[in-house]
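Not measured: the values here are computed from a predicted model. The first residue of the sequence shown is numbered 1, and numbering continues consecutively from there.
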Amino acid sequence: MADQAFVTLATTDKYARGAMVLGKSLRNHNTTRKLVVLICSQVSQPCRSVLMKIFDEVRVVDVLDSGDTAHLAMMKRPDLGVTFTKLHCWNLTNYSKCVFMDADTLVLSNIDDLFDREELSAAPDPGWPDCFNTGVFVFRPSVQTFKQLLHYCTEHGSFDGGDQGVLNGYFSDWATADISKHLPFIYNLSSIAVYTYLPAFKHYGSNAKVVHFLGQTKPWSYTFDPRTKQLSGQEATAHHTFLLDWWTLYSSAVVPMLQEQYVDQPFDSGCVEFQYSDIMTFESGKEEVAASYAQALEPQLSSEERKQKWEQGQADYMGTDSFDNIKRKLDSFLK
Ligand code: UDP
Ligand code: GLC
Ligand code: MN
């Protein structure tokens, strides 16, 4: 299995957060495959450090940009020219087979069975089902294919200005040639399908294995309050529970890793910030909420790890080892 990998792409710090959550979700569902992320030089050092902890390989690649403003404008996504960078995944020739996943996807159950499929397997695009969506696809790295894809770009361009236009042009028999290359929609459930076909979503949605937050508004476009588990910043959406899944994983597993890298440097986690002064204003009883909030933002240490830190003089005075917590623990023994 060492020669098979899940691959994603993040050209910026924002998309890197998506990649971190995706990587964590793959690990949580016990994938046996390697995890690779392609990044560009723009991605900051703290983000690279976190990516290196989650992924087996972090590879820096050049930005490839279609620069095709006319087609991108038609899709109302001028930002997607850089998705040509995705084509670099064909250069990962140290792997024999890979599954590419957009950084705005979230894995809900183990999907290692995708490696039984052949290039190019993908799910239908919800907007035009005779095209495949390039948010999740199975491929075989090959420098020759990479060169042919670039050649295709120079000869024909991309009908949408992004990678999906090129890949559908190049693998043009996908719709008709081999049904085994059609992935079930539950491997790339676009969040917009919730609106376009609600009864189908209600009927089949619980089987979803991968949710894809396709479209301009991404999970990281919202603000999240871990205390109340509320999202704000955008209107309420029907795929709310998937967004909450994303935020729960991000706030509990990724934010602590980012905090560790940024140390005292301020960074915007996207979570409503917890102020130490809040503790002071909490009336008694509400401190439980404060403690659970603080805990959600803390790296989760086992009691053995915590004991070791305590013995090394690294007590968490503001959190688990705060005076109040110690007092509570003693009180519980004395009761
Ligand atoms: N991407 C990126 N930087 C960008 C835009 C896109 O790294 O500025 C990558 C990222 O992996 C992303 C994928 O390209 O998930 C496709 O873009 P996006 O998901 O925004 O397109 P959509 O699925 O909404 O059409
Ligand atoms: C699509 C895909 C995305 C791709 C973009 C540009 O909507 O979801 O993965 O990058 O189009 O072609
Ligand atoms: Mn996407």
Side-chain angles (χ1 to χ4, degrees), residues 6 8 10 14-31 54 99 101-114 122-127 129 133 135-136 183-258 268-274 288-289 292-298 300:
F6 285 100
T8 189
K14 287 270 185 224
Y15 278 95
R17 289 179 187 193
M20 291 166 195
V21 174
L22 167 63
K24 279 276 179 190
S25 70
L26 282 161
R27 295 260 184 240
N28 286 350
H29 294 289
N30 305 316
T31 179
I54 300 173
V99 173
M101 301 186 74
D102 268 9
D104 60 344
T105 57
L106 175 71
V107 171
L108 307 172
S109 64
N110 186 288
I111 50 168
D112 286 358
D113 57 322
L114 281 178
D125 184 85
N133 181 273
V136 178
L183 296 181
F185 197 56
I186 51 168
Y187 286 85
N188 183 355
L189 176 76
S190 302
S191 42
I192 55 165
V194 179
Y195 310 98
T196 49
Y197 198 0
L198 187 60
F201 175 71
K202 284 196 170 151
H203 193 64
Y204 299 112
S206 60
N207 301 327
K209 289 175 185 282
V210 177
V211 59
H212 183 182
F213 298 98
L214 184 144
Q216 196 145 30
T217 308
K218 299 299 184 199
W220 50 88
S221 314
Y222 297 82
T223 303
F224 179 66
D225 186 340
R227 278 178 288 192
T228 57
K229 302 250 183 290
Q230 296 279 318
L231 290 166
S232 57
Q234 305 280 337
E235 73 284 11
T237 54
H239 63 282
H240 197 80
T241 54
F242 292 135
L243 281 170
L244 282 183
D245 289 342
W246 190 95
W247 272 99
T248 303
L249 185 54
Y250 171 72
S251 63
S252 64
V254 172
V255 172
M257 295 178 88
L258 286 165
D268 181 7
S269 68
C271 295
V272 176
E273 287 308 321
F274 178 71
E288 301 298 326
V289 180
S292 68
Y293 184 93
Q295 205 187 355
L297 296 181
E298 288 293 327
Q300 301 294 305

Any chance you could measure H240, atom NE2, to Y222, atom OH, to the nearest 0.5 Å? 9.0 Å

Walk me through whether V272 and T223 qualify under side chain to side chain contact (heavy atoms under 4.5 Å, CB included). CA-CA 7 Å; V272 176; T223 303; 3.9 Å; yes

Consider only side-chain N and O atoms of D113 and Y187, and report whether a donor and an acceptor are under 3.5 Å apart. yes

Contact between H212 and D104 at the side-chain level, heavy atoms closer than 4.5 Å - yes or no? yes

Show the nearest heavy-atom pair for residues F185 and A193, with the distance to one decimal. CE2-CB, 3.7 Å

Residues S191 and F213: closest non-hydrogen pair is OG-CA, 3.4 Å

Once ring pair (Phe, Tyr, Trp, His ring centres under 6.0 Å) is applied, do any residues pair with Y15, and if so which ones, sequence neighbours excluded? W220

Point-to-point distance, once rounded to the nearest 0.5 Å, from OG of S251 to CZ of F224: 4.5 Å

Quick check against the 3.5 Å criterion: does T105 have a side-chain atom that pairs as donor or acceptor with the backbone of M101? no

May I ask you to test the D102-N188 pair for a side-chain heavy-atom distance under 4.5 Å? no

Heavy-atom closest pair (H29 atom, L108 atom, distance to 0.1 Å) is CE1-O, 3.1 Å

Ring centres under 6.0 Å, that's the criterion: do W246 and F242 meet it? no

Would you say the side chain of N30 lies within less than 4.5 Å of the side chain of D112, judging by non-hydrogen atoms? no

Close side-chain approach of W247 to K229, heavy-atom, < 4.5 Å: no

Can you run down the salt bridge (charged side-chain N to carboxylate O under 4.0 Å, His left out) pairs that involve residues 200-210, sequence neighbours left out, and say none if there aren't any? none

What one should report as the nearest heavy-atom pair of P124 and P129 is CB-O, 3.6 Å

Indicate the atoms forming the closest heavy-atom contact of L243 with P219, along with that distance. CD2-CA, 3.8 Å

Do other residues, nucleotides or ligands put more than 12 heavy atoms under 6.0 Å from F201 CZ? yes

Interatomic distance, S25 atom OG to I111 atom CD1 [nearest 0.5 angstrom]: 8.0 Å

What distance do T31 atom OG1 and N110 atom CG have between them, rounded to the nearest 0.5 Å? 6.0 Å

Strictly distance-based, threshold 3.5 Å: is any side-chain N or O of S269 a donor or acceptor partner for the main-chain N or O of C271? yes

Let me confirm one number: the CG-CG distance from L244 to L231, rounded to the nearest 0.5 Å. 5.0 Å

Just grab all the salt bridge (charged side-chain N to carboxylate O under 4.0 Å, His left out) pairs involving residues 14-23, residues at least two apart or on different chains. none

Of the non-hydrogen atoms in L214 and N133, which two are nearest, and what is the gap between them? CD1-ND2, 3.2 Å

Any chance you could measure Y250, atom OH, to M20, atom CE, to the nearest 0.5 Å? 8.0 Å

Side-chain heavy atoms of L26 within contact of I54, under 4.5 Å: no

Heavy-atom side-chain proximity of V107 to L22 below 4.5 angstrom: yes

Just so I know, are the side chains of V210 and I186 near enough to count as touching, which here means a heavy-atom distance under 4.5 Å? no

Do H239 and V211 come within less than 4.5 Å of each other through their side chains, counting heavy atoms only? no

